[in-house]
Number of protein chains: 2
Amino acid sequence: MEKLQEERIRTRNIRRILDAATEVFARKGFDGTRITEIAEASGLPKANVYYYFGSKDDIYRAAIARLIQGWDEALEEIALEKDPAEAFTRYVTAKLRFSHQHPTESRLFANEILRGAEFLTEQERKHIRDVTNYRVAVIEAWIAAGKIVRVDARHLLIMLWAATQFYADFQPVVRDALGNRNLESADFDAAARCIADTILAGLIPRDPEPI
Amino acid sequence: MEKLQEERIRTRNIRRILDAATEVFARKGFDGTRITEIAEASGLPKANVYYYFGSKDDIYRAAIARLIQGWDEALEEIALEKDPAEAFTRYVTAKLRFSHQHPTESRLFANEILRGAEFLTEQERKHIRDVTNYRVAVIEAWIAAGKIVRVDARHLLIMLWAATQFYADFQPVVRDALGNRNLESADFDAAARCIADTILAGLIPRDPEPI
DNA sequence: GAATAAGTTGACGAAAAGTTCAATTTCTGA
DNA sequence: TCAGAAATTGAACTTTTCGTCAACTTATTC
């Protein structure tokens, strides 16, 4: 075969395996995942999974790498720039929409963190730090310009991250709390409005003089 | 032995096993946890663990039940009553302090939710719903009384829960985001202040007239 | 349409995990 | 002190899982 035109078969099978692996890893964690389960979920025999990946480690690492890459592509455009009100609203809305559409990836990440983030590469962690630092700078510039009230930028970002991630990772709890059967787009919209409105109301300076 | 005065040995060993199990389950999840690892962590031989618990399921269920009971006892006094400002501040502070002191329990709960909350009993889930409903009623009463602005009470509670839980469950990420080596009490205090202040500022009505 | 590379897969062996058991020791109350 | 209950534990048993392999089929190139 040698470099066949697009490596169609290989590409497709690797995607199938990683899709299945992401789902199982997200639910059961690294140690709890059985290769057999990944194989069944992907519709391939176990030996075929081993044809593409040398070990469970390899599959896990590949799934994590793909997840981070996907997050980046989806969220990199959402810069915390421009007008703070619009920026926060767009950011929260986009993150919640992503949580709604890709809850599995989000849970995989959560599981990896619960494990102690041992498999996150230094490069990946540095990337998280860089993104955070950039946004901290933006927020502190807003504060300096008087566009928002004085606030700890890092904890504010964590609060935003936490609030949006929760809807993907803790769906059973969110369902119980909302009294819903299943989470729908409307729920994510309501969440985005509540988070953005409440936090913004607390951030935008009160025009004449504070209480 | 028969009812020995306090069942000292049994009580102590069960506690040891559940302590060890909570830690391992929190890190590796149910399927990823090996009885051998619980045994080693508790300092007891594996067969002794089976003397007290019939199966891995039993240990897991007992750990979850103990966790929920502990949460309840620790947090039940923190009612969302009185003055909203004081109530929210005390609630956030108490939850963060608890997250700081008992991160392992929090992670075990997170892991169980990621699994799909299959082991949470209907009673436990009902308890969560009841607690939520009670607090929703309190918040809506505040809204009706004009003490806080109109807001979706359920999403507000989720936001509080998310923000506080994040510090326990996602410590590696929080560390990276804060640029810290290890999280200390000061970090949790700063987080409590940021969360409570920002959300409160958005909730307390602006006296004369809104912007 | 061969020759060669890529992909498929059932079956297997080794290692590890859950669980049981029987023999032994320690504890407690009388 | 002594009998019976509780607790301890090494070793075995059973099942599951990882990872391998060799035989086989499909795809690609010339």
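Please read these numbers as outputs of a predicted model, since none were measured by experiment. So you know, we letter chains A, B, ... as the sequences are listed, proteins then strands, and number each from 1.
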Reckon B:R10 has a side-chain N or O less than 4.0 Å from the OP1 or OP2 of D:dA6? no
Report yes if a side-chain nitrogen or oxygen of A:N13 is closer than 4.0 Å to either non-bridging phosphate oxygen (OP1 or OP2) of C:dA6; otherwise report no. no
Only pairs at least two apart or in different chains count here, so list each salt bridge (Lys or Arg N to Asp or Glu O under 4.0 Å) that has a residue in residues 151-178 of chain B. A:R125-B:D176, A:R129-B:D176
Residues B:E23, B:R27: salt bridge by 4.0 Å N-O rule: yes
Is the shortest distance from a Lys or Arg side-chain nitrogen in B:R34 or A:D31 to a carboxylate oxygen in the other one below 4.0 Å? no
Over how many whole Å does the gap from [X] atom [atom1] to [N] atom [atom2] extend?
{"X": "B:R16", "N": "D:dT8", "atom1": "CZ", "atom2": "P", "answer": "9 Å"}
{"X": "B:R8", "N": "D:dT8", "atom1": "CZ", "atom2": "P", "answer": "13 Å"}
{"X": "B:R15", "N": "D:dA7", "atom1": "CZ", "atom2": "P", "answer": "15 Å"}
{"X": "B:I17", "N": "D:dA7", "atom1": "CD1", "atom2": "P", "answer": "11 Å"}
{"X": "A:R12", "N": "D:dA27", "atom1": "CZ", "atom2": "C1'", "answer": "12 Å"}
{"X": "A:L44", "N": "C:dT9", "atom1": "CG", "atom2": "C1'", "answer": "10 Å"}

Go through residues 47-61 of chain B and report each residue with a non-hydrogen atom lying under 4.0 Å from DNA chain D, sorted by number. B:A47, B:N48, B:Y51, B:Y52
Tell me which residues in residues 29-41 of chain B lie within less than 4.0 Å of DNA chain D, going by non-hydrogen atoms. none
Hits for side-chain contact (heavy atoms from CB on, under 4.5 Å) against B:D57, two or more places apart or cross-chain, chain-then-number order -> B:F30, B:S55, B:R61, B:F119
Quick check for you: to the nearest 0.5 Å, what is the distance between A:S99 atom OG and A:Q165 atom CD? 6.5 Å
What about B:K46: does its side chain form a donor-acceptor pair under 3.5 Å with the base of C:dT19? yes
Just how large is the angle between the end axes of the helix from C:dG1-D:dC30 to C:dA30-D:dT1, five pairs per end, to 10 degrees? 30°
Going by the angle between their ring planes, with limits at 30° and 60°, are B:W71 and B:F109 parallel, tilted or perpendicular? tilted
Mind telling me whether A:F170 and A:F166 have parallel, tilted or perpendicular rings, with 30° and 60° as the class edges? parallel
Quick one: does B:Q101's side chain have a donor or acceptor within less than 3.5 Å of a partner on B:F98's backbone? no
Does A:N111 reach the main-chain N or O of A:A26 with its side chain, forming a donor-acceptor pair under 3.5 Å? yes
Which pairs pass ring-ring contact (aromatic ring centres under 6.0 Å, His included) with one or both residues in residues 173-199 of chain A, sequence neighbours excluded? A:H100-A:F188
If we only count heavy atoms from C-beta on, is the A:Y134 to A:I139 side-chain gap below 4.5 Å? no
